[in-house]
Amino acid sequence: MLEKFSKKDKKNYFDAHFHYAVCIEKGISISDFENDIKWQGISCAHSIQEFEIQKKAPSNIIQAYGMHPQNAENENIKESADFLENLLKNNLISFIGETGFDFFTEEFKSTAKQQEEIWNIQLELALNYNIPLVIHCRKANHKLFEYSKQLKKIPEVLFHSFMGSPVEAQSLLDRGINGYFSFGKQLLNGNKKARACVCELPSERVLAETDAPFQFLKGEQYTDLKDIIKVNDEIIKLSHGF
């Protein structure tokens with residue numbers, strides 16, 4: 001699925017990662033693109049309530065649901081896992097996620113055990129249902145390599161807002177993982193690792209994302225879905241050495 005979205009141009013935009021329900025709550029419209037622009041995106045929901053909103057989205061929204069590592073401490077694991085498996089049984093989602101690990105702060109790191117538990121539940125479901133994963137990983141790239149043997153069995157793995165180096169990204173690919181790496185406004189903010197990944201990785205492995213309404217720049221209150229145009233344009237510039 002993701003390979004067909006790797007080609008970037010000025011009329012067809014693909015947002016590899018955003019949050020439809022939260023955008024709706026903030027009044028961010030998905031219909032503000034020009035009439036001659038085609039747009040699709042993967043939206044992740046992280047609660048049953050969010051998915052109830054997301055499932056009503058138009059058909060150009062690709063559905064995903066997952067237990068987020070930042071919510072691990074307060075996650076009702078059984079309820080969420082049962083809900084997720086029901087979605088899979090009824091073919092209501094195309095991706096599990098976002099899931100993964102977040103050790104960015106001491107508070108998040110203190111929930112490492114719970115993060116590992118919900119990660120393993122979702123990884124097992126992805127393997128059992130042969131469905132792609134959307135992965136969130138901050139300050140925990142070693143965990144990706146720890147699970148590389150399992151990840152190589154997943155049909156597609158999207159490393160959302162990848163925070164590693166080009167060497168780490170290529171090493172994941174070299175381990176047989178069918179991986180894609182998406183980048184958002186960190187490209188516009190001068191993030192050296194992200195920009196290097198776009199320049200050095202195979203272009204077919206690089207995707208644009210907004211993470212809307214999150215990941216906004218200084219002076220902004222939120223990220224708009226239309227900002228995918230800015231991100232996409234920056235990826236084109238970097239990949240062509242401009």
Side-chain angles (χ1 to χ4, degrees), residues 1-6 14-24 30 40-102 111 113-137 140 143-144 146-162 172 175-182 207 209 211-212:
M1 177 189 292
L2 291 174
E3 185 177 4
K4 68 179 180 179
F5 295 118
S6 62
F14 178 69
D15 192 337
H17 186 82
F18 75 102
H19 303 271
Y20 177 87
V22 187
C23 285
I24 292 297
I30 65 167
Q40 284 182 276
I42 300 173
S43 174
C44 291
H46 299 300
S47 70
I48 296 172
Q49 293 75 19
E50 283 186 2
F51 190 81
E52 289 302 310
I53 297 170
Q54 182 179 282
K55 73 178 184 181
K56 299 173 184 176
S59 60
N60 58 331
I61 308 299
I62 299 167
Q63 298 279 338
Y65 177 86
M67 291 179 274
H68 198 291
Q70 291 181 354
N71 301 333
E73 184 176 15
N74 299 312
E75 187 77 65
N76 185 328
I77 296 176
K78 186 178 187 310
E79 181 182 51
S80 293
D82 288 347
F83 181 74
L84 173 56
E85 185 156 22
N86 186 62
L87 295 177
L88 294 167
K89 286 178 179 178
N90 290 283
N91 296 311
L92 295 176
I93 56 175
S94 299
F95 288 81
I96 292 176
E98 58 197 278
T99 181
F101 299 92
D102 197 318
T111 66
K113 183 178 179 180
Q114 294 99 315
Q115 289 185 40
E116 191 109 32
E117 181 180 0
I118 62 176
W119 160 263
N120 277 301
I121 289 170
Q122 292 171 102
L123 180 60
E124 183 177 355
L125 287 171
L127 290 167
N128 289 344
Y129 286 87
N130 195 39
I131 190 169
L133 280 177
V134 179
I135 291 183
H136 168 112
C137 193
K143 301 298 292 185
L144 303 179
E146 183 179 325
Y147 284 97
S148 61
K149 289 183 179 179
Q150 292 94 321
L151 290 174
K152 70 183 292 185
K153 299 176 184 177
I154 303 295
E156 292 178 321
V157 180
L158 173 60
F159 297 98
H160 130 70
S161 192
F162 185 68
L172 290 167
R175 280 165 169 74
I177 299 170
N178 188 20
Y180 294 82
F181 304 86
S182 59
L207 297 169
E209 68 162 71
D211 201 6

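A quick note: this is a predicted structure, and the numbers were derived from the prediction, not measured.
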Looking at every heavy atom in both F159 and G179, which two are closest together, and how far apart are they?
CE1-CA, 4.0 Å
Nearest 0.5 Å, please: how far is CG in N178 from NZ in K152?
12.0 Å
A16 to S182 - nearest heavy-atom pair and separation
CB-CB, 3.8 Å
Might you confirm whether atom CD of E124 has over 12 heavy atoms from other residues, nucleotides or ligands at distances under 6.0 Å?
no
NZ-OG distance between K55 and S43, expressed to the nearest 0.5 angstrom
14.0 Å
Taking the six-membered ring for Trp and the full ring for Phe, Tyr or His, determine whether the centres of F83 and Y65 are under 6.0 Å apart.
yes
Are any of the side-chain nitrogens in E116 or K113 under 4.0 Å away from the carboxylate oxygens of its partner?
no
Q63 vs F51 side-chain heavy atoms within contact, under 4.5 Å:
yes
Any side-chain heavy atom of Q70 within less than 4.5 Å of one from H136?
yes
Parallel, tilted or perpendicular: which one describes the rings of F14 and F5, with boundaries at 30° and 60°?
parallel
Drop me the distance from Y20's OH to C44's SG, to the nearest 0.5 angstrom.
15.0 Å
Please work out whether the ring planes of H46 and H68 are parallel, tilted or perpendicular, with thresholds of 30° and 60°.
perpendicular
Nearest non-hydrogen partners of Q54 and A45, listed with the distance
OE1-N, 3.3 Å
Between the NE2 atom in H17 and the CD atom in E98, the distance rounded to the nearest 0.5 Å is 3.5 Å
Main-chain N/O of Q114 paired to T111 side chain as donor or acceptor, under 3.5 Å
no
Can you find a heavy atom in the side chain of W119 that is under 4.5 Å from one in the side chain of K143?
no
Please round to the nearest 0.5 Å and tell me the distance separating atom CG of L123 and atom CG of L125.
9.0 Å
Exactly one of L133, D211, I42, L207 clears side-chain contact (heavy atoms from CB on, under 4.5 Å) with H160, and that residue is D211
Sub-4.5 Å side-chain heavy-atom contact between M67 and Q122
yes
Sub-4.5 Å side-chain heavy-atom contact between I177 and L144
no
Flag for E85-Y129: side-chain donor and acceptor within less than 3.5 Å:
yes
Starting at CD1 of I135, measure out to CG of L151 and round the result to the nearest 0.5 Å.
5.0 Å
Shortest non-hydrogen separation from A72 to I118 and the atoms involved
CB-CD1, 4.0 Å
For a quick test of reading the model, state the closest non-hydrogen atom pair linking S94 to I62 and the distance between them.
CB-CG2, 3.7 Å
With a 4.5 Å heavy-atom cut-off, do L84 and I93 have their side chains touching?
yes
Is it true that a side-chain atom of E156 and a backbone atom of M1 form a donor plus acceptor pair closer than 3.5 Å?
yes
Do L127 and I154 come close enough that some side-chain heavy atom pair is under 4.5 Å?
yes
Measure the shortest side-chain to side-chain distance between T99 and F101 over non-hydrogen atoms and say whether it is less than 4.5 angstrom.
no
List the atom of S80, the atom of E75, and the distance in Å for their closest heavy-atom pair.
OG-OE2, 2.5 Å
Determine whether more than 12 heavy atoms belonging to other residues, nucleotides or ligands lie under 6.0 Å from atom CD of E73.
no
